[in-house]
There are 2 protein chains.
Amino acid sequence: MIDVQNPLLSKLSAFATLTNSERASLGRFDRPRRCFEIGTDLMREGEKNSTAYILLDGWVLSYKLLRSGERQIVDFQVPGDFLGLRSLLLRTADHSIEPVTPIIAVEIGMTDLLRIFRESPRLAAAMLWALSTDGAVVVERLVSLGRRDAIERVAHFFLELGARLKVVGLATGDGYACPLSQYHLADALGLSAVHINRVLRQLREEELMTFRAGKVTFDNFDKLVQIAQFDTAYMDHGGAARE
Amino acid sequence: MIDVQNPLLSKLSAFATLTNSERASLGRFDRPRRCFEIGTDLMREGEKNSTAYILLDGWVLSYKLLRSGERQIVDFQVPGDFLGLRSLLLRTADHSIEPVTPIIAVEIGMTDLLRIFRESPRLAAAMLWALSTDGAVVVERLVSLGRRDAIERVAHFFLELGARLKVVGLATGDGYACPLSQYHLADALGLSAVHINRVLRQLREEELMTFRAGKVTFDNFDKLVQIAQFDTAYMDHGGAARE
DNA sequence: CGTTTCATTGAGTTGAGTCAACATGGGTGG
DNA sequence: CCACCCATGTTGACTCAACTCAATGAAACG
């Protein structure tokens, strides 16, 4: 059981080395493990008393719809990430969540949270840290949408995703598997799908990176980092936090 | 002392009615009360072990700088808001904070947080709720930058700010005092100051709202709400949360 | 195999940016 | 008390990054 929770353990371990009892405490989510197929939302904006989850396998996206039918993808979540914790605290979901691929997730409720806070303040701190990291990612996306042009945005996006996947062992320094479509990228980065396509071509032709057939390959990592002004500082506070 | 903390009390009271002992617990922040003038940052991106604050009076802004010298303002904070809590949890500040007006703030440290969590889970829940609301605001701004045009963005911004100020008694339904410059708006909404100016003119000429001499006036609130597709749902979960 | 979804490319359009000039008004030092 | 400064606000003329529309492949699928 703890086996499947590896992604979350990997992530929290980046913050602090967990004791056996803390690992056990995490493993004691005996709430149902659920699977969702593409097309079935895990959560709907406006829904009351929604359930939160820990994502064990697969990718999901969080989004908001506009009246015009357009959507803005707030973020993608990968294994080890929390889903809908904010909505749980707000008691009304402020965004929707849908699978990108078929997924496996464990439910968590308010009672589980409170239990963790009671049983292990250290674990609670690790979880708050993980939540804060999610917040930092959203803020960084905000900067992208506000002040970066299309190439910088796309480059930054793939670098950040790579860094997140690396933490849970799903990426190497060279690239990673990525199940997103160009429409996903467009809705996440505030661009049109057509323009995303042109930008991807440019990145490919300039031999910076390649996104094709569900695979991301970094052809010139350093130059890409420079173009995107990518700074990992907001993501890997792990080392700094251990003292 | 509790007197000055009214803005935070007003805000948390929107989530749950607080008992006297909970109010007292909040009041027991005997940490220094500090004043900051315009031009002195409260926090710098990258700084380790920064201090967090509760803002008692005045306005501040949270921002990130880009290499090009441009900046993206992440959000403005008004009395009753937390400052830099995420940076406290991350142990390294992921953004900078500077005053918009001279301000008064109370320091909070990790120990204060832990004490609150220990002494009053209810208060802790209220604080997590307040934090979640901040997150929801950032997400809503993300949607603005990604998928709303300039007029919608500006309209949405002023409506949201109004809603937030109303919670702490600093706005009426008709308008509020707002110390921001057009440059602030530009950096927050991902537009140029020149374009902000044109949009404000348009809003004025179409008798929707007026922003002049530090005052926001809603001339046609309903139409403005309609244009901005403004939905307060993500802000006032207060009623829903009481049960 | 049609159908659907995703990717690709060209041609023309536009919202917002840039540059540049000028207005206004509070603040400050001579 | 005046003169000047500097930050903020305003407006016009021109440019451009990204959009829309449209057509066409290519692969995936029941």
Side-chain angles (χ1 to χ4, degrees), chain A residues 37-39 59 61 66 68-73 98-102 144-158 177-206 209-216 227, chain B residues 37-39 59 61 66 68-73 98-102 144-158 178-205 209-216 227:
Chain A
E37 292 304 316
I38 297 169
W59 291 38
L61 60 86
L66 285 90
S68 59
E70 288 178 305
R71 78 172 171 181
Q72 175 64 44
I73 293 177
E98 70 172 43
V100 173
T101 67
S144 275
L145 298 191
R147 290 289 180 225
R148 286 197 252 260
D149 69 22
I151 301 185
E152 293 167 351
R153 259 183 242 188
V154 173
H156 195 281
F157 175 80
F158 281 115
C178 172
L180 305 178
S181 73
Q182 295 185 356
Y183 292 90
H184 286 134
L185 298 181
D187 283 344
L189 300 178
L191 299 165
S192 69
V194 171
H195 200 59
I196 287 284
N197 184 282
R198 288 191 245 264
V199 169
L200 288 176
R201 169 152 62 119
Q202 190 183 337
L203 287 168
R204 209 183 312 128
E205 287 175 350
E206 294 182 9
M209 61 158 289
T210 312
F211 174 46
R212 228 171 221 217
K215 296 202 76 172
V216 173
I227 286 175
Chain B
E37 292 304 315
I38 297 170
W59 291 39
L61 60 85
L66 285 91
S68 59
E70 288 178 305
R71 77 171 171 182
Q72 175 65 43
I73 293 178
E98 70 172 43
V100 173
T101 67
S144 275
L145 297 191
R147 290 289 181 226
R148 288 196 251 258
D149 68 23
I151 300 185
E152 293 166 352
R153 258 182 242 187
V154 172
H156 195 282
F157 175 79
F158 281 115
C178 172
L180 305 177
S181 73
Q182 296 184 354
Y183 292 89
H184 286 135
L185 298 181
D187 283 344
L189 300 179
L191 298 165
S192 69
V194 172
H195 201 59
I196 287 285
N197 184 281
R198 290 192 246 262
V199 168
L200 288 176
R201 169 153 60 122
Q202 191 184 336
L203 287 168
R204 210 183 310 129
E205 286 175 351
M209 60 159 289
T210 310
F211 174 46
R212 225 163 224 229
K215 296 202 76 171
V216 172
I227 286 174

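Values in this document were obtained by computation on a predicted structure and should not be read as measured data. All chains are named by letter (A, B, ...) in the order of the sequence lines, taking the proteins before the strands, and each is independently numbered beginning at 1.
Rounding to whole angstrom units, CG of residue A:Leu189 and P of D:dA18 are separated by 12 Å. The CG atom of B:Asn197 sits 11 Å away from the P atom of D:dG12 (whole-angstrom rounding). Across the protein-nucleic acid pair, B:Leu180 atom CG and D:dA7 atom P stand 18 Å apart, rounded to whole Å. One can place CG of A:Leu145 at 12 Å from P of D:dA18, the figure rounded to the nearest angstrom. Remark: C1' of D:dC19 and CD of A:Glu70 are 11 Å apart, rounded to the nearest angstrom. Between the CD1 atom of A:Ile196 and the C1' atom of D:dA18 there is a distance of 11 Å, given to the nearest Å.
What you find for B:Leu189 and B:Arg153 is that their closest heavy atoms are O-NH1, 2.7 Å. Closest heavy-atom contact between A:Trp59 and A:Ala177: CZ2-O, 3.7 Å. Residues B:Cys178 and B:Phe158 approach most closely at SG-CE2, 4.3 Å, considering heavy atoms. Here the shortest heavy-atom pairing between A:Leu191 and A:Ala150 reads CD1-CB, 3.9 Å. Looking at every heavy atom in both residues, B:Arg204 comes nearest to B:Arg212 through NH1-NH2, 3.2 Å. Nearest heavy-atom pair across B:Gln72 and B:Leu66 is N-CD1, 4.4 Å.
For the contact set between residues 149-157 of chain B and DNA chain C, defined by any heavy atom under 4.0 Å, the members are B:Asp149, B:Ala150.
Taking 4.5 Å as the limit, some side-chain heavy atom of A:Leu185 sits within range of a side-chain heavy atom of A:Leu200.
If you check every strand for non-hydrogen atoms under 4.0 Å, A:Gly190 touches sugar and phosphate atoms only. Using a 4.0 Å heavy-atom distance criterion, B:Ser192 is classed as a base contact. Counting non-hydrogen atoms under 4.0 angstrom, B:Leu191 reaches the backbone sugars and phosphates but no base.
For B:Arg212 against D:dT8, no side-chain N or O and base N or O form a donor-acceptor pair under 3.5 Å.
In this structure B:Ala193 satisfies the side chain to side chain contact (heavy atoms under 4.5 Å, CB included) test together with B:Tyr183, B:Ala186, sequence neighbours excluded.
Considering only side-chain N and O atoms, B:Gln182 lies nowhere under 4.0 angstrom from the phosphate OP1 or OP2 of D:dA7.
Of the candidate nucleotides D:dG9, D:dT20, D:dG12, D:dT20 has the atom lying nearest to any side-chain atom of A:Val194. For B:Arg198, counting side-chain heavy atoms from C-beta on, the closest listed nucleotide (D:dA18, D:dG9, D:dG12) is D:dG12.
With rounding to the nearest 0.5 angstrom, the CD atom of A:Glu205 is 11.0 Å from the OG1 atom of A:Thr210.
Contact footprint of chain B on DNA chain C: nucleotides with an atom under 4.0 Å from a non-hydrogen protein atom, first to last in 5' to 3' order, C:dA16 to C:dC19.
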